[in-house]
Amino acid sequence: MNQKKNPKNNPKNIKVPNGNFLRSAFFMIAIFLGLVWISSFFSSDFGGLVKKLTYSEFYYNLEHNLEKPTIKSVKMVESLIQGVFSESSGGGRFYVHVPQKDDELISLLKKNVSEFEIEPPRTFLSNLLFSLGPIIIFIVFLWYFSYKGNQMGSRVWGFGKSRAKLQDKENAVKVTFGDVAGIDEAKAELEEVIEFLKDPKKFQRLGGRFPKGVLLVGPPGCGKTLLAKAVAGEAKVPFYSISGSDFVEMFVGVGASRVRDLFEQAKKSAKMENKGCIIFIDEIDAVGRQRFAGVGGGHDEREQTLNQLLTEMDGFQTEIGIIVMAATNRPDVLDPALLRPGRFDRHIVIYSPDIQGREDILKVHTRKIHLDKKVELKLIAQKTPGFSGADLENLCNEAALLAARRDKNSVEQSELEESIERVIMGPEKKSRIISKREKELTAYHESGHALLSLLIPEVDPLSKVSIIPRGMAGGYTFTPQLEDRWHRSKKELLGTITVLLGGRVSEEVNLGDITTGASDDLIKVTQIARHMICDYGMSQRLGSYTLGQSHGPIFLGRDLVKEKDYSEETAKIIDEETKRITDECYARAKKLITEHKRELKILAEALLEKEVLDAQEVKRLIGFTDENNTRSDKKQKSG
């Protein structure tokens, strides 16, 4: 049995050289011996020869050497004669092969050459060393680099081997389902996968079979990889994890070879453990993209890898119990053959958590954080709609860092609430030098947003307004949602556009000019108006149908490919309707701000003085109550 090297087991505390040192030492010795052999080889007379003589040329020079000195010295080893030309002949070395028994030649050498010697023949071992030496050195170099390649990131002989990592008892993942919150349905599905691998007869007794593949689909940061880690931590079966990019190389055929090797390893592990096996491929879209006819064809490396993956997933025996898990946020680009039943039978879509899920996620990520006893995570969950699990983890970490920066012993509610803004917009830039004119412009701009968010009841309520630069914004008005909403009414969208235009209107009404500060607001206004017309059917002129087919999942938040399936005349109407909606909302914003110009000025002056105001301070400054909001709403309806 091999024992681990432990200093406690070594009473003399003698340093034991490791494998890397021994290999390096062996390599240096091999190089040294090789250099010695090469130097001895080239230092010999044979290595210095520059001319090969024929027997007739040598015999002629030897016969007339006394009359015309040509040969200075000669050394004979068996049937090989090595010699040196005389200086009168230009110097240099030569060699010639002669018969082994030539008495006449020997006598002529003794007579005509002053420096003549005969060396004994080489032994068998010396001849073997000289003949096999280069081969031995080549084998040593090849052996060293084949093992050294493992330390350099790729093996010479294992280039086509799988790079998947096996999670076993020694390097088991410590994440469990207890560390996953907010996605209970997905957890239940994966818990069922583990249960099937542990006791497959429970699911097979009625004649059913378990899905061969489980595809986790969702936006970035929703917890797909975390779920896979939890499966690895909970499953008592072999778990192989690999990234989709590990299959793709510049050499054609390498990816397919790695796919074959991965499934061979999984089959062996499943048989050895007498249980099932899980293969997890993260970011499978790197290798599973849809194949294109005429582009690369069957010779494309990625497509060959995908073909091999398709074959392995539908080719291995179901009783072996291999389940393939994969994660992606781009299901729209995956090949249909990969998504069909028999491969990825089960698709688990993971969206951003709801309010209860966010509270549970916050509890998980604050386990190791010292929270103040007065902290209410439910309030933080209410103010973070749309946050993913990764966003919430970042929020908790930012709160802990912020509390440490303030030399506090625990994280309080204020740090958590401020971290929400840091995650959304970035840190505050209090050190930025801003002129008085710029500060005044920002104050009136943000006051317009804040005032309209209080006067228009159908929009999200005001939480905070600030003129301190944060992230890319020179100032901001924070209006978080109070609840999770999957649908928005036309009235809410129009109110949102009106609030977004409040900054531009405030500049015009109070300063008599407009600035570039509303550029981001105008982009959002145009996007909302176009979505209302083209996607939601909220235009009376165009009717209730969509314009422009968009291909791509909703959670990606962008139109990957949008086809223009309407005429130029309809495009003109879309532009006219977009302008109409924007103009009507602009007129509404201007009317409300003009009527409450005094309150707007009070709010702007307070911002210039304090820089940051919360909702309660704003309401107190302008004398706003819920009754004011109701009357404004009734007045707007009657108008």
*Taking atom types as modelled, find out whether S388 and D391 have a side-chain donor-acceptor pair closer than 3.5 angstrom.*
yes
*Are F344 and I284 side-chain neighbours, meaning at least one heavy-atom pair lies under 4.5 Å?*
yes
*Taking all atoms of both residues into account, what is the closest heavy-atom pair of L371 and S410, and its distance?*
C-CB, 4.1 Å
*Distance-only, no hydrogens or angles: does the H596 side chain make a donor-acceptor pair with backbone N or O of L592 under 3.5 Å?*
yes
*asked:* Within the 4.5 Å heavy-atom criterion, are C396 and L362 side-chain neighbours or not?
replied: yes
*Salt bridge or not for K579 and E576, using N-O below 4.0 Å?*
no
_Between D332 and R289, does any NZ, NE, NH1 or NH2 come within less than 4.0 Å of an OD or OE carboxylate oxygen?_
no
*asked:* So which atom in T477 and which in L462 form the shortest heavy-atom distance, rounded to 0.1 Å?
replied: CG2-CD1, 3.4 Å
_Could you tell me if the side chain of Q413 sits less than 4.5 Å from the side chain of I380, heavy atoms only?_
yes
*Do S243 and E283 get their side chains close enough for a donor-acceptor pair, meaning under 3.5 Å?*
no
*What is the minimum heavy-atom distance between K224 and P219, and which atoms define it?*
NZ-O, 3.1 Å
_H370 atom NE2: more than 12 heavy-atom contacts under 6.0 Å_ = no
_Please determine whether side chain to side chain contact (heavy atoms under 4.5 Å, CB included) holds for the pair L621 and L613, giving the CA-CA distance in whole Å, both sets of side-chain angles, and the decisive distance to 0.1 Å._
CA-CA 10 Å; L621 282 170; L613 297 173; 3.9 Å; yes
*For the residue pair L215 and L334, establish whether any side-chain heavy-atom pair is separated by less than 4.5 Å.*
yes
*Taking it one step at a time, do R504 and E508 satisfy salt bridge (charged side-chain N to carboxylate O under 4.0 Å, His left out)?*
CA-CA 6 Å; R504 167 61 65 88; E508 180 183 354; over 6 Å; no
*Of the non-hydrogen atoms in Y444 and S506, which two are nearest, and what is the gap between them?*
O-OG, 2.6 Å
*Would a distance-only check, ignoring hydrogens and angles, find a side-chain to backbone donor-acceptor pair under 3.5 Å from S567 to T570?*
yes
*What is the distance from atom NZ of K363 to atom CD1 of I361, rounded to the nearest 0.5 Å?*
12.0 Å
*Side chains of L190 and M325: closer than 4.5 Å at any heavy-atom pair?*
yes
*Verify side chain to side chain contact (heavy atoms under 4.5 Å, CB included) between R422 and R470, making sure each step is shown before the conclusion.*
CA-CA 8 Å; R422 290 176 67 89; R470 185 184 284 274; 3.5 Å; yes
*Look up atom CD in E359 and atom OG1 in T384, then write down how far apart they are to the nearest 0.5 Å.*
10.0 Å
*Distance-only, no hydrogens or angles: does the E446 side chain make a donor-acceptor pair with backbone N or O of S466 under 3.5 Å?*
no
*Do E393 and N397 have a side chain donor and acceptor closer than 3.5 Å?*
no
*asked:* Which heavy atom of I574 sits nearest to which heavy atom of I533, and what is that distance?
replied: O-CD1, 3.8 Å
*Would you call L454 and I622 a side-chain contact if the rule is heavy atoms closer than 4.5 Å?*
yes
*asked:* Using modelled atom types and a 3.5 Å cut-off, is there a donor and acceptor pairing between side-chain atoms of E605 and backbone atoms of I602?
replied: no
*Could you give me the CA-CA distance, side-chain angles and deciding distance for R346 and E192, then say whether salt bridge (charged side-chain N to carboxylate O under 4.0 Å, His left out) is met?*
CA-CA 12 Å; R346 184 170 295 185; E192 189 178 271; 3.0 Å; yes
*Report yes or no: does R358 contribute a side-chain atom to a donor-acceptor pair with the main-chain N or O of L392 at less than 3.5 Å?*
no
*In Å, rounded to the nearest 0.5 Å, how long is the span from CG of L441 to NZ of K436?*
12.5 Å
*Is R485 salt-bridged to D460, going by a charged N under 4.0 Å from an acidic O?*
yes
*Drop me the distance from I528's CD1 to I523's CD1, to the nearest 0.5 angstrom.*
12.0 Å
*If you measure from OH on Y476 to CD1 on I467, what distance do you get to the nearest 0.5 Å?*
11.0 Å
*asked:* Rounded to the nearest 0.5 Å, what separates atom OG1 in T526 from atom NE2 in H531?
replied: 11.0 Å
*Taking side chain as C-beta onward, heavy atoms only, is I424 less than 4.5 Å from F478?*
yes
*asked:* Determine whether H347 and L339 satisfy the following criterion, side chain to side chain contact (heavy atoms under 4.5 Å, CB included), listing intermediate values before the conclusion.
replied: CA-CA 9 Å; H347 299 180; L339 301 176; 4.0 Å; yes
_Donor-acceptor contact present, side-chain E507 to main-chain T515, <3.5 Å_ = yes
*Using 4.0 Å as the upper bound for N to carboxylate O, is an ion pair formed by E595 and K591?*
yes
*Do the side chain of D575 and the main chain of K572 share a donor and acceptor less than 3.5 angstrom apart?*
no
*asked:* Between E415 and K408, does any NZ, NE, NH1 or NH2 come within less than 4.0 Å of an OD or OE carboxylate oxygen?
replied: yes
*Which heavy atom of L306 sits nearest a heavy atom of G288, and at what distance?*
CD1-CA, 3.9 Å
_Donor-acceptor pair, side chain of K383 and main chain of P480, under 3.5 angstrom_ = no
*S489 side chain vs E492 backbone, donor-acceptor pair below 3.5 Å*: yes
*pair E421-K464: side-chain heavy atoms closer than 4.5 Å*: yes
*Could you walk me through whether H449 and V465 pass the side chain to side chain contact (heavy atoms under 4.5 Å, CB included) check?*
CA-CA 9 Å; H449 291 312; V465 59; over 6 Å; no
*Is E189 reaching over with its side chain to a backbone N or O of I348, donor-acceptor style, under 3.5 angstrom?*
no
*Is the closest basic N to carboxylate O distance between R405 and E418 below 4.0 Å?*
no
